[in-house]
2 protein chains.
Amino acid sequence: MDKTLKRMATMQRMQVTGLELFYKKGYYNTSVDDILKELSLSKGAFYYHFESKEDFFIQIIENLLVRKMYSMLIEPIEGHENTIDLITNCFEEALETAVHNELDFGFVLSNFVNEFNGKNEKVMKHLNDILRIWEANLVSAIQRGKFNGYIDRHVDSEGVAVYLMSAYIGVRTLMVETAPSARKYRFMSQLRQYFKSLEPKPENAFNRD
Amino acid sequence: MDKTLKRMATMQRMQVTGLELFYKKGYYNTSVDDILKELSLSKGAFYYHFESKEDFFIQIIENLLVRKMYSMLIEPIEGHENTIDLITNCFEEALETAVHNELDFGFVLSNFVNEFNGKNEKVMKHLNDILRIWEANLVSAIQRGKFNGYIDRHVDSEGVAVYLMSAYIGVRTLMVETAPSARKYRFMSQLRQYFKSLEPKPENAFNRD
DNA sequence: AAAGAAACCGACCGGGGGGTCGGTTCAAAG
DNA sequence: CTTTGAACCGACCCCCCGGTCGGTTTCTTT
């Protein structure tokens, strides 16, 4: 059907532009009209496709944010190669897009968490879901790393996961204004230093689970 | 003068309540009337004491935020004792107030950075000033640590500072919703692990980047 | 007690935002 | 060509918010 195609296309356009503006100016500071003006569409079109601004935003989360998080921060660390390298490269690349001021979805997420925390429970539920997925995937990557001998068996997988997420979210906050490129470089150096402390200790003889 | 005293008291009350609400609900989501209702004061009283909502907020930054940042995150690490212990304890205490959902000013700061970034240059200037002060103090604490033999000489002081700020800001974002106490515990464990990797190496060659 | 000033009140204004709804366009089906 | 309904338009409603301003209360001074 041509009509359903058009419908999908319009909704997609609205969501892409919506995410962009919500990210740049914040959800509450972006009016529906702002988005519509960008697309030369009208209020009627918007409320024909979406129930409300909130519903619109939740669909953006489910359709765009979740998928991008997967492709940028989850899938890249799923292989069986050296876990530490995988995570390092993954962060490196994600932060590089941040340096160029493009949409970095890990940060988009934490940005929204900040904006909605304590203000909109419904939206927060969806955002927390993504955070949990990210965390779970980091944890299993680390456990895989232990199993494959890239990470010391005594490290606390969940601890490392929380720590990595913290560091990533934090450095993105710091990169927003001052010397993003320099901060990225320094951050990555320290991250590597931290990762070294997770490597298997030599005195621990070769052992399998 | 009784009058000037009263003036100060009223302004102080407004600022304290203002900071609380701005933190809880966000700056743009908190109306001046919200604050006034909490205090049973009127618009007239507010605009008698402050030029505008923005001016009000900047005064809150200068009067409350800056001072609290100093007492919570800067002064505690200024001594000549073991730098690593000082920073660890400082973070430990700051995060503990966060667990109890009290105002944790390091996080208040990063929250506002998120909210104002790209939206209000004037306010951002003030917020960035505080970030810079925090960073500068961390850097000099680390350099002091090197001088006093608590930290390896080859460590990049500014790198560590950026990394610590990142980690702190990030974990606070993660603590807002899910299991704050558990996350704090895990975070602190990993932080200690990281700090171990900064301790002076005996005479072993240290691999530098 | 009177006067003057500081502190405070609250109705009002203008603009903007979310959401509604009757009307219009246009492409596909009969 | 006519019909039909999905897609879209845009004027309108109502509420809220930042800010104003003339008036009132409260304190200080003499």
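Just so we're clear, the structure is a prediction, and the values are computed from it rather than from any experiment. First the proteins, then the strands, lettered A, B, ... as listed; each starts at 1.
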B/S/- contact track for nucleotides 11-22 of chain C, protein heavy atom under 4.0 Å: ------SBBBB-
Nucleotide dT25(C), atom C1' - distance to OH of Tyr48(A) in whole Å: 13 Å
OP1 or OP2 of dA6(D) under 4.0 Å from side-chain N/O of His49(A): no
Contact under 4.0 Å: Thr10(A) side-chain N or O vs dA7(D) OP1/OP2: no
Parallel, tilted or perpendicular: rings of Phe116(A) and Tyr28(A) (30°, 60°): tilted
Closest to the Leu41(A) side chain, choosing from dC9(C), dC8(D), dA7(D): dC8(D)
Separation of atom CD1 in Ile35(A) from atom C1' in dC8(D), rounded to whole Å: 17 Å
Euclidean distance, atom CZ of residue Arg7(B) to atom P of dT28(D) [Å, nearest integer]: 15 Å
Aromatic ring pairing Tyr163(B)/Tyr194(A), orientation class (parallel under 30°, perpendicular over 60°, tilted between): tilted
Distance in angstrom units between Lys25(B) NZ and dC16(D) P, rounded: 12 Å
Side chains of Ser197(B) and Lys196(A), donor plus acceptor under 3.5 Å: no
Euclidean distance, atom CZ of residue Arg13(B) to atom C1' of dA7(C) [Å, nearest integer]: 12 Å
Validation row, ring centre Phe91(B) to ring centre Phe187(B) under 6.0 Å: no
Nearest-Å distance for atom pair CZ/C1', residues Phe57(B) and dC17(D): 17 Å
Nearest non-hydrogen partners of Leu86(A) and Gly79(A), listed with the distance: CD1-O, 3.8 Å
Closest approach of Ala94(B) to Tyr168(B) (non-hydrogen atoms, all atoms of both residues): CB-OH, 3.3 Å
For atom CZ of Phe50(A) and atom C1' of dA7(D), their distance in whole Å: 13 Å
Whether Phe22(B) and Phe57(B) hold their rings parallel, tilted or perpendicular, with breakpoints at 30° and 60°: perpendicular
Closest to side chain of Ser42(A), choosing from dA7(D), dC9(C), dC9(D): dC9(D)
